[in-house]
J.: 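Structure incoming, see below.
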Amino acid sequence: MSDSQVVVHGAAEGAHHEHLPYQRHHFETYAQQSDATNFAMWLFLLTEVMFFGGLFTAYLIYRNWYYPAFVEASHQLDIFWGTANTAVLITSSFTMAMGVWCAEMKKQGALVLCLVLTFILGLGFLGIKTIEYKEKIEKHHVPGFHYSVQSFVNPSSDPEVHKKNPEDKPLPYDMARHTEIYFFLYFAMTGMHALHMIIGIALLGFMIVRARAGAYTTGHVTYVENFGLYWHFVDIIWIYLFPLLYLISRH
Amino acid sequence: MSTATIVSLPDQSTARIPRMNFMSKEKGLLSWLLTGDHKRIAMLYLVSITFFFFIGGAMAGLIRLELLTPQSDLMATDTYNKVFSMHGIVMIFFFLVPSVPATIGNFLIPIMIGAKDLALPKINLLSWYLYMAAGMLGLYAMATGGVDTGWTFTTPLSTHYLNTNVITTGLAIFIAGFSSIFTGLNFIVTIHKMRCPGMTWFRLPLFVWSNYAASILMVLGTPVLAITLVLVVLERTAGIGVFDPAKGGDPLLFQHLFWFYSHPAVYIMILPGMGVISETVSTFSRKRVFGYTAVAFSSVAIAVFGFFVWAHHMFIMGISNYSMLVFSLLTMLVAVPSAIKIFNWAFTLYKGSITFETPMLYSFGFMGLFTIGGLTGVFLASSGTDIHLTETYFIVAHFHFVMVGGMLMAFLAGVHFWWPKMTGRMYPEKISQLAALVTFIGFNFTFFPQFILGTLGMPRRYATYPPEFQVLNVFSTAGATILGVGYLLPILYLTWSLKYGEIAGDNPWQATGLEWQIQSPPLTENFPAIPIMDHEAYDYEWLEGQKEKVASV
């Protein structure tokens, strides 16, 4: 052919490495494959951090500007349901972590059980979130849709919250209207979080079907492992949201 | 030193297109649409971004035609607003951001590091589909009335005062953003985990380094743009008020979030181009890139500094004097790594045996025009000058020197340089040299007058201007016509060369990169066996040694 062709040495000629059935053709070893996909998942989570970062920045700025409004608006959140949801979510992370362990140990039945539990707990979280959202809608605390500042210019008009936070003073209208920004951030942040939960739950449903067929108990655990990372990440977002939205302004 | 061009090297006359290659392996449209092969996806990208380039180019043509006369006579002022907005959106999000990484990078990065494919082939294909979906949505928005916010979606203009397709276009850019995130993510994982034995970080070709730096920017910056666009869409649909001063929101926050992505985006666009130049300059001066390590690190430095300069877009928007001072200083700092690159390329040329093939001509174009574009950027970094010149044609000229004079030249340099590798055939040398020259002349005619117009005070974004600016505008429009010819030529002769071009052989440039040591077009799996890298990048002595070895066998 061509006389100036340069020969490229072949690596590992003769070195026979085992090709596992689930190893993609372009990887040299299975370790490389699982390494690469894990790394990709971590990078993806990094982009998620940046995605939520925009909202956290907005929260930081507006909380400093409209501090009284943010304090009183956060008193509107139901700390009971918030705590319950945190517990639900942490439990779901536990079942997910157990699921990854089961996949590694090739325990198919236990894996399916763990995934189903995670699935149910995820739905439970969304259910509780719906109860909370419903209350906001009833009180006209949804920004942009007939938003009402009644609870803040006149706290005694909202006896239930006022009883728990008797030190809340009526806010002047100019400050009270900024509670809308708080509720916007509340809905945007928890809404984005819920959207991630919904995506996660959908993936879980898919995984339960596959796990029942035995797809994850053959030693190829990357998929379950990476989904676990995603699920824990969504959990961690909530671990930040809960104190920032519910707890930080309580004494 | 001999002045003969490298093109006529002996192995070309006897070369054949190998029967087995990535294009001949499977036939049919579906084999392309469902492929996982990074080379095929690169080709899909190449065709699609060229399509969008010509749409954006048509918009540019309309803008220049309108500006031929001081009055608004070709189109209504509203239409003009839409045309320049869509020009910016198409060119930035659908051409410049994916240009080099998604086409040339996609094709070459796995080969350059000695891998069979990118780490995540399915994600790679997904990223192309996202790009196409975004592009189609963008075209749909354009066809159903367009958008007139400018590409910056400035609030409250975009949220309160316009009744055009802001939401659809915003959604299109959101999706295009994910396409770009997936490309960047794939590159980072591939470069970390898929290098062949012996391929250490400091043996990577500089093209890989610069794409790595750009990928970091894509991965960290783009999500912020995504959330910003979501907020704009929510503001329009639900009136949530986060950017609305009437409700206590702050439009400046939008600016911060938007430019936190969109300034690094400039480096997403230019860094891969710089990588191309490192390759061509070394190949056509037959010398190792001078200061390899400095060039490699300067890419990373640009990526890092690039994240801390965004507020220089906001000097007239009411940020504090102190942040102006800091951002002004940091912006000037970015000039340092950029200059390191330019100086090192110049030193690479020094005492090299330089030949003037088309990729090299484009590279020279890049170096000259990028230097002008970059240095005018330093003027604009000092806040006083910036306040005087911002919103004038000086800005337009500045970023077109960087983006068109710099990036587009680099893209064309890369396409010509790797065309033989991608297709197995040479482009016609003489006419492409002419095209490079026409592009350079046309470019300068188009954009240099705009520097003068800017200093004279002609504002950007208006369909009309005072009659005393007409002469320079006529120059600019005439230049744009020449530039248009310069861009049409490659389309014609590159298409022609697919069938009639000379057969290139494996290594028509006698370059050292791993991609040149395999057949062209490459096999689907790139290498018959995974190579071992046993020499530094740009080691021409190694290449000579290899040739002797082959000859003596």
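Convention: sequence-line order gives letters A, B, ...; per-chain numbering from 1.
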J.: Does any heavy atom of chain A fall under 4.5 Å from the side chain of B:L118, the backbone, both, or neither of them?
T.: backbone
J.: Check the orientation of A:H193 and A:W238. Use parallel for under 30°, tilted for 30 to 60°, and perpendicular for over 60°.
T.: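 Tilted.
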J.: Please look at B:D250 and chain A and tell me whether the side chain, the backbone, both or neither of the residue comes under 4.5 angstrom of a heavy atom of that chain.
T.: both
J.: Which heavy-atom pair separates A:A176 from A:V149 by the least distance, and what is that distance?
T.: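 Looks like O-CG1, 3.7 Å.
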J.: Is chain B contacted by the side chain of A:I181, its backbone, both, or neither, given a heavy-atom distance below 4.5 Å?
T.: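 For A:I181, the side chain is the part near chain B, not the backbone.
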J.: Please state whether the rings of A:Y147 and A:F183 are parallel, tilted or perpendicular, taking 30° and 60° as the class boundaries.
T.: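 The arrangement is tilted - the two ring planes meet at 30° to 60°.
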J.: Side chain, backbone, both or neither: which part of B:M194 has a non-hydrogen atom closer than 4.5 Å to chain A?
T.: both
J.: Do side-chain atoms of B:T222 reach the backbone of B:V219 as a donor and acceptor pair under 3.5 angstrom?
T.: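 No.
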J.: Are A:Y66 and A:M175 packed together at the side-chain level, in the sense that at least one heavy-atom pair is separated by less than 4.5 angstrom?
T.: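 Side chain of A:Y66 against side chain of A:M175, heavy atoms only: contact under 4.5 Å found.
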J.: Is there a side-chain contact between A:N64 and A:F70 (heavy atoms, below 4.5 Å)?
T.: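 No; the side chains remain at least 4.5 Å from each other.
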J.: For A:F51, is it the side chain, the backbone, both, or neither that has a heavy atom closer than 4.5 Å to a heavy atom of chain B?
T.: both
J.: Assign the ring pair B:W516 / B:W509 to parallel, tilted or perpendicular, where the plane angle (0 to 90°) is split at 30° and 60°.
T.: perpendicular
J.: Is chain A contacted by the side chain of B:I240, its backbone, both, or neither, given a heavy-atom distance below 4.5 Å?
T.: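 Both parts, heavy atoms under 4.5 Å.
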J.: Looking at B:V242, B:L257, B:D244, which makes the most heavy-atom pairs under 4.5 Å with chain A?
T.: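 Looking at each of B:V242, B:L257, B:D244 in turn, B:V242 comes out on top.
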J.: Which residue out of B:I188, B:T190, B:L120, B:T237 racks up the most heavy-atom pairs below 4.5 Å with chain A?
T.: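 Heavy-atom pairs under 4.5 Å are most numerous for B:I188.
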J.: Parallel, tilted or perpendicular: which one describes the rings of A:Y240 and A:F56, with boundaries at 30° and 60°?
T.: perpendicular
J.: At a heavy-atom separation under 4.5 Å, does B:I123 approach chain A through its side chain, its backbone, both, or neither?
T.: neither
J.: Heavy-atom cut-off 4.5 Å, strictly under: side chain, backbone, both or neither for A:W42 against chain B?
T.: neither
J.: Non-hydrogen atoms of chain A under 4.5 Å away: do they reach the side chain of B:A115, the backbone, both or neither?
T.: neither
J.: For B:E541, does the CD atom have more than 12 heavy-atom neighbours from other residues, nucleotides or ligands under 6.0 Å away?
T.: no
J.: Please look at B:L253 and chain A and tell me whether the side chain, the backbone, both or neither of the residue comes under 4.5 angstrom of a heavy atom of that chain.
T.: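 Contact with chain A: side chain only.
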J.: If I measure from the heavy atoms of chain A, does B:L185 come under 4.5 Å with its side chain, its backbone, both, or neither?
T.: both
J.: Less than 4.5 Å to any heavy atom of chain B: does that hold for the side chain of A:Y62, its backbone, both, or neither?
T.: side chain
